[in-house]
Student: 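Please read through the structure below; I'll follow up with questions.
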Amino acid sequence: MDLFEFARKGILKNEAPLASRMRPVTLDDVVGQEHILGNDKLLYRSIKADRIGSLIFYGPPGTGKTTLAQVIANTTDAHFTELNATTSGKKDMEEAVEDAKERLGMNGTRTILFIDEIHRFNKAQQDFLLPYVENGTVTLIGATTENPYFEVNRALISRSTVFELRPLSKENIITILERAVNDEERGFGGNNVVLDKDAAEFLADVCNGDARAALNALEIGALTTDRSEDGFIRITVDIASSCIQKRVLGYDKDGDNHYDTVSAFIKSMRGSDPDAAVYYLARMLYAGEDIRFISRRIIICASEDVGNADPQALVVATAAAQAVERIGMPEAQIILSQAATYVACAPKSNAACTAISEAMRSVKEEPIDGIPPYLRDAHYSNAKDLGRGVGYKYPHNYEHNWVDQRYLPESLAGRMFYRLTDNGYEKSIKAYLKRIGKIR
């Protein structure tokens with residue numbers, strides 16, 4: 001590195017955006033990702049012991065992929081070389097590999113080759129790396145926002161450990177923002193910048209787990225807001241909203257508006273109004289509501305309000321919940337919209353909900369009668385000597401696979417808990433039970 005390069009890096013360090021300046025330097029500075037960086041986790045132990053194998057970091061923007069690579073660079077005894085697949089080509093990789101060979105041969109120094117946006121390398125470029133990863137010339141660390149199992153050479157994947165980074169939690173983002181405000185060396189500490197609590201919570205909500213987006217908004221606010229008469233730069237929720245170009249909704253996740261919006265969403269689905277349901281869904285998503293919370297409400301409505309009038313509603317809602325976990329925002333909004341509109345348009349019945357409520361009330365308030373002996377377990381020796389299973393009629397031995405036999409305790413004989421409606425598929429169930437004689 002010549003003097004000009006040294007000076008350039010010094011200037012960039014001081015003038016770099018806040019998000020870059022606030023990157024953690026050590027492993028203990030990293031916020032979030034406890035599922036892979038907990039003290040007992042493989043990645044944490046590997047970094048601490050400086051025994052890094054080839055790695056692929058996969059996750060959405062702003063979750064710390066490059067940060068983790070730079071933490072490794074700061075803690076390893078290996079030489080750290082960084083390339084970006086958007087600006088580097090095969091010649092750059094060839095030079096990096098030749099330098100790694102020379103280092104290894106001259107003094108035994110290992111080389112960690114970090115490639116950001118590795119999914120942007122084509123197959124031939126990725127294939128070039130394979131033998132050098134295989135023989136240990138370089139230890140590869142790749143970072144990608146795309147699913148590596150689709151976008152990265154399978155042979156490279158098989159020689160690497162894939163770690164998925166998750167969007168940072170609201171609490172993680174608030175911690176990072178507070179650090180930036182108070183850090184005197186890299187942040188705004190000593191500059192009398194104050195970030196209001198509701199502004200921090202707003203940024204943490206709307207950045208969708210992207211620390212970079214939250215820090216960028218904070219920096220814009222701090223650099224463009226005039227000092228008040230007391231000399232402080234105060235970042236309010238209105239300033240935070242203008243800096244991230246997102247309108248503030250009156251939506252406190254612990255307040256009335258949160259519960260009112262969720263209530264309106266559920267009641268719109270229950271009331272078979274898909275337009276209202278998707279509108280309130282949009283309000284929740286815009287305000288940064290947890291998509292897992294929304295998907296759980298759809299599942300509950302599918303069972304409580306649709307039930308067996310359309311059993312497929314629960315299947316759709318459950319599949320949507322699994323899908324949003326895998327996909328994340330912004331595409332998850334499409335999945336949630338599909339599920340919410342399906343549940344809203346489905347025929348409705350709360351018969352299953354009413355049935356379990358009445359059965360639970362019976363168990364709680366009425367005397368518990370014995371289970372009929374013929375229904376009891378008869379799979380152990382001498383069970384029949386106790387009358388267990390004796391007199392049980394196996395339904396499949398009878399016409400329509402049904403036979404008249406009492407299954408409820410004697411004191412509840414004839415009690416109906418599940419009262420079928422004539423809505424949707426429940427009408428078919430009701431007709432079937434009438435046909436076989438179960439109900440009249």
Side-chain angles (χ1 to χ4, degrees), residues 1-13 20 23-30 36-37 41-58 64-144 146 148-149 151-163 165:
M1 180 187 302
D2 58 28
L3 288 175
F4 294 106
E5 178 69 7
F6 180 81
R8 185 183 69 83
K9 289 196 172 184
I11 293 171
L12 285 177
K13 180 179 178 181
S20 179
R23 285 190 191 279
V25 176
T26 68
L27 188 57
D28 293 331
D29 291 336
V30 177
I36 59 173
L37 290 175
K41 302 300 183 181
L42 171 64
L43 183 58
Y44 179 90
R45 300 198 312 270
S46 299
I47 296 173
K48 280 288 190 182
D50 195 10
R51 289 292 184 267
I52 295 293
S54 290
L55 308 171
I56 302 290
F57 293 143
Y58 157 50
K65 300 182 294 298
T66 303
T67 292
L68 269 182
Q70 293 189 349
V71 165
I72 292 170
N74 295 334
T75 57
T76 185
D77 291 330
H79 180 84
F80 192 86
T81 300
E82 182 175 351
L83 298 177
N84 190 304
T86 60
T87 57
S88 302
K90 187 176 179 183
K91 182 180 179 182
D92 300 294
M93 288 191 289
E94 289 173 344
E95 291 177 357
V97 167
E98 288 304 314
D99 291 344
K101 288 179 180 177
E102 187 175 329
R103 255 180 244 107
L104 194 62
M106 290 182 63
N107 51 32
T109 300
R110 298 174 296 119
T111 296
I112 293 177
L113 177 60
F114 172 60
I115 301 179
D116 202 6
E117 306 287 347
I118 190 172
H119 63 276
R120 294 187 180 273
F121 275 154
N122 60 36
K123 185 177 184 302
Q125 289 171 313
Q126 293 183 30
D127 284 342
F128 170 80
L129 292 170
L130 187 58
Y132 306 109
V133 172
E134 177 110 42
N135 64 22
T137 301
V138 296
T139 299
L140 174 69
I141 299 180
T144 175
E146 304 297 326
Y149 294 102
E151 303 294 339
V152 178
N153 185 314
R154 186 172 296 179
L156 281 179
I157 288 286
S158 70
R159 290 159 177 79
S160 307
T161 304
V162 177
F163 289 100
L165 278 70

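Nothing fancy with the numbering, it's 1 onward along the sequence. All values derive from a computational prediction rather than experimental measurement.
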Student: Please report the closest heavy-atom contact between Arg23 and Thr66, naming both atoms and the distance.
Tutor: NH1-CB, 3.9 Å

Student: Check Pro24 against Thr67 and note the closest heavy-atom contact, atom names and distance.
Tutor: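 Nearest heavy atoms, Pro24 then Thr67: CD-CG2, 3.2 Å.
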
Student: To check you understand the geometry: which heavy-atom pair defines the closest contact between Tyr58 and Lys65, and what is its length?
Tutor: C-CD, 4.1 Å

Student: Between Thr87 and Asn84, do the side chains contain an N or O donor and an N or O acceptor separated by less than 3.5 Å?
Tutor: no

Student: Starting at CG of Leu165, measure out to CG of Leu37 and round the result to the nearest 0.5 Å.
Tutor: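 Interatomic distance, Leu165 CG to Leu37 CG, rounded to 0.5 Å: 7.5 Å.
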
Student: Show the nearest heavy-atom pair for residues Ala155 and Asn153, with the distance to one decimal.
Tutor: N-OD1, 2.7 Å

Student: Below 4.0 angstrom, N of the basic side chain to O of the carboxylate: do Glu94 and Lys91 qualify?
Tutor: no

Student: Can you confirm whether Leu43 sits close enough to Leu55 that some side-chain heavy atom of one is under 4.5 Å from a side-chain heavy atom of the other?
Tutor: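 A side-chain contact exists here, since the closest heavy-atom pair is under 4.5 Å.
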
Student: If you apply the rule salt bridge (Lys or Arg N to Asp or Glu O under 4.0 Å), what do you find for Asp28 with Lys48, and how did you get there?
Tutor: CA-CA 10 Å; Asp28 293 331; Lys48 280 288 190 182; 3.7 Å; yes

Student: Can you name the nearest heavy-atom pair linking Gln126 to Ile118, along with the distance?
Tutor: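 For Gln126 and Ile118, the tightest heavy-atom pair comes out as NE2-O, 3.7 Å.
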
Student: When rounded to the nearest 0.5 angstrom, what is the spacing between OG in Ser158 and CD in Glu134?
Tutor: 8.0 Å

Student: I need the Lys101 NZ to Thr111 OG1 distance, nearest 0.5 Å.
Tutor: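 Those atoms lie 12.0 Å apart.
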
Student: What verdict does the side chain to side chain contact (heavy atoms under 4.5 Å, CB included) test give for Asn74 and Phe80, after you've listed the backbone C-alpha separation in whole Å, the side-chain angles of each residue and the deciding distance to 0.1 Å?
Tutor: CA-CA 9 Å; Asn74 295 334; Phe80 192 86; over 6 Å; no

Student: Any heavy-atom pair between the side chains of His119 and Glu117 that's under 4.5 Å?
Tutor: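 SC-SC contact between Glu117 and His119 confirmed.
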
Student: Check whether any side-chain heavy atom of Leu140 sits under 4.5 Å from a side-chain heavy atom of Arg159, and report yes or no.
Tutor: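 No, too far: nothing below the 4.5 Å cut-off.
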
Student: OG1 of Thr75 to CD of Gln70: how many Å apart, nearest 0.5 Å?
Tutor: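 Reported to 0.5 Å precision, the distance equals 11.5 Å.
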
Student: Using the rule side chain to side chain contact (heavy atoms under 4.5 Å, CB included), only one of Leu156, Ile115, Thr86 pairs with Phe121; which is it?
Tutor: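 Answer to the side chain to side chain contact (heavy atoms under 4.5 Å, CB included) test with Phe121 among Leu156, Ile115, Thr86: Ile115.
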
Student: Side-chain contact test, heavy atoms from C-beta onward, threshold under 4.5 Å: evaluate it for Ile112 versus Thr76 and give yes or no.
Tutor: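 Of all side-chain heavy-atom pairs linking Thr76 with Ile112, at least one is under 4.5 Å.
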
Student: Could you check if a side-chain atom of Leu83 sits within less than 4.5 angstrom of a side-chain atom of Leu113, using non-hydrogen atoms only?
Tutor: yes

Student: In Å and rounded to the nearest 0.5 Å, what is the CD to CD distance from Glu146 to Glu151?
Tutor: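 Glu146 atom CD to Glu151 atom CD measures 5.5 Å (nearest 0.5 Å).
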
Student: Is there side-chain contact between Val71 and Val30, with heavy atoms separated by less than 4.5 Å?
Tutor: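 In contact.
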
Student: If every non-hydrogen atom of Val97 is compared with every non-hydrogen atom of Thr137, which pair is closest and at what distance?
Tutor: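 Heavy-atom minimum between the residues: O-CG2, 4.1 Å.
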
Student: Could you check whether any side-chain N or O of Asp92 sits under 3.5 Å from a backbone N or O of Gly89, counting only pairs where one atom can act as donor and the other as acceptor?
Tutor: yes

Student: Would you compute the distance between atom CG of Leu104 and atom NE2 of His79 and round it to the nearest 0.5 angstrom?
Tutor: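 Here the interatomic distance stands at 12.5 Å.
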
Student: Side chain of Gln125, backbone of Asn122: donor and acceptor closer than 3.5 Å?
Tutor: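 Yes; at least one donor-acceptor contact below 3.5 Å.
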
Student: Phe163 vs Phe57 aromatic rings, parallel, tilted or perpendicular, using cut-offs 30° and 60°?
Tutor: tilted

Student: Do the side chain of Asp50 and the main chain of Asp77 share a donor and acceptor less than 3.5 angstrom apart?
Tutor: yes

